[in-house]
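Quick notes on the structure that follows.
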There are 2 protein chains.
Amino acid sequence: MNEAKLKFYKSLGLKLTPQRLAILEYLENNRSHPSAEDIYNALKPHFPSMSFATVYNTLEVLVEKGLVKEINIESNKKRFDAFTHPHHHFFCKGCKKIIDIENNQNITIPKELKDYELTEFQVIFYGFCPECKNKRGKR
Amino acid sequence: MNEAKLKFYKSLGLKLTPQRLAILEYLENNRSHPSAEDIYNALKPHFPSMSFATVYNTLEVLVEKGLVKEINIESNKKRFDAFTHPHHHFFCKGCKKIIDIENNQNITIPKELKDYELTEFQVIFYGFCPECKNKRGKR
DNA sequence: CTAATTGCAAAAATTTTGCAGGACT
DNA sequence: AGTCCTGCAAAATTTTTGCAATTAG
């Protein structure tokens, strides 16, 4: 991670512990939208003493600071995304893969939300990726 | 529940136990997108012996048969919706309320999904409902 | 009558919490 | 040095499972 980024993180009041940096870096280099467990498993070899609590604590802080987004698509499992520009997602119902969709979508703000405060929206596409589509065969 | 509906449910090969009927009816008369626990709590007074397993089993069957949809918006909690026509949702980050959005949205199918099987999509709007908006005050 | 469904209790999966010791600034 | 962070273990939350007893068709 470069100097500028380090400074930026410090400016948010974050202590830059090795574990925290590793989690951030892992997320930034990884567009697979990993779960807390994925992150834990990936980093465990490098930080044998690291605990789940640290992963969860760190993710919570990163989400608070807006550096990471929480994705709730897969049932009962949070997944995390360090790509924070507005974008959409495709969820494969077979292998649970999530891919980023960067198309612009022309969303109409519903009149029902007139008196609401709207902070963001996203489109989620569901279906089967090419591999899973083939595995299930024709129907 | 009327005759025609009962016949329809039977035609799907579903045994119509009192618990199952109560769950279905509760969902059909309720657009709050309840969780399994909400359903359990609502029906407990009428079926003191009913267990969580029954609620979960029933919901699973109803989802399989396409009578109910599972909604994964709130982190780590499944919610259920008997309104199965395609529609969108608003999620209040304050009180966790989910409301239906029935606007048509002109979604562009992304070219990234060319070789994918697309089964459905939905737009999720996030923000604060009028009550929660006021509670948090201006910022 | 038979297979499907229920209820119970235990287990699984994921996330949260309290606290003591340790590390970052 | 002081505060924030880590690691551990226990708890909390939600969902799933195994199995014996019951019930709908």
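A note on names: the letters A, B, ... follow the listed sequences, proteins ahead of strands, and every chain is numbered from 1. The figures here come from the full heavy-atom set of this structure, side chains too, leaving out hydrogens, waters and symmetry mates.
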*asked:* Checking ring pair (Phe, Tyr, Trp, His ring centres under 6.0 Å) between Y40(B) and each of Y56(B), Y26(B), F52(B), F47(B), which is the one that passes?
replied: F52(B)

*Using heavy atoms to find the nearest nucleotide of DNA chain C for E37(A) and Q19(A) separately, return the residue whose nucleotide is more 5′.*
E37(A)

_Nearest-neighbour nucleotide for the K78(A) side chain, dT16(D), dT16(C), dC8(D) considered_ = dT16(C)

*Let me know, please, whether A53(A) or V61(A) comes out on the 5' side of the other along DNA chain D by nearest nucleotide.*
V61(A)

*Rounded to the Å, how far apart are I39(A) CD1 and dT6(D) P?*
14 Å

_So, OP1 or OP2 of dT23(D): does either fall under 4.0 Å of a side-chain N or O from T17(B)?_
no

*asked:* Parallel, tilted or perpendicular: which one describes the rings of H85(B) and F83(B), with boundaries at 30° and 60°?
replied: tilted

*Pairing of E117(B) and K93(A) as salt bridge, 4.0 angstrom limit*: no

*asked:* I want to check one thing: is the phosphate of dT15(C), taken as OP1 and OP2, less than 4.0 Å away from some side-chain N or O of Y56(A)?
replied: yes

*Does I109(B) share a hydrophobic cluster with V123(B), counting links as ILVMFWY side-chain heavy atoms below 4.5 Å and allowing steps through other members?*
yes

*If you check the K15(A) side chain, which of dC8(D), dA24(D), dG2(D) turns out closest?*
dG2(D)

_Rounded distance (Å) that lies between atom P of dT17(D) and atom CG of L59(B)_ = 15 Å

*To the nearest angstrom, how far is L21(B) atom CG from dT6(C) atom P?*
10 Å

_N57(B) vs dT5(C): side-chain N/O to OP1/OP2 distance below 4.0 Å_ = no

*Give a yes/no on whether any side-chain N or O of S49(B) is located under 4.0 angstrom from OP1 or OP2 of dG7(C).*
yes

_Side chain of R20(A), heavy atoms from C-beta onward: which of dG7(C), dC5(D), dT17(C) has the nearest atom to it?_
dC5(D)

*Between dC5(D) (C1') and L24(A) (CG): distance, integer Å*: 15 Å

*For E60(A), which contact category applies under a 4.0 Å heavy-atom criterion: base, sugar-phosphate, or nothing?*
nothing

_Nearest heavy atom decides the nucleotide; on that basis, is L14(B) or P18(A) closer to the 5' end of DNA chain C?_
L14(B)

*same_hphob_cluster(L59(A), I71(A)) at 4.5 Å side-chain heavy-atom cutoff*: no

*Has N76(A) got a side-chain N or O lying under 4.0 Å from the OP1 or OP2 atom of dT15(D)?*
yes

*Let me know the distance between CD of E74(A) and C1' of dT15(C), rounded to the nearest Å.*
15 Å

_Distance in angstrom units between E64(A) CD and dT16(C) P, rounded_ = 12 Å

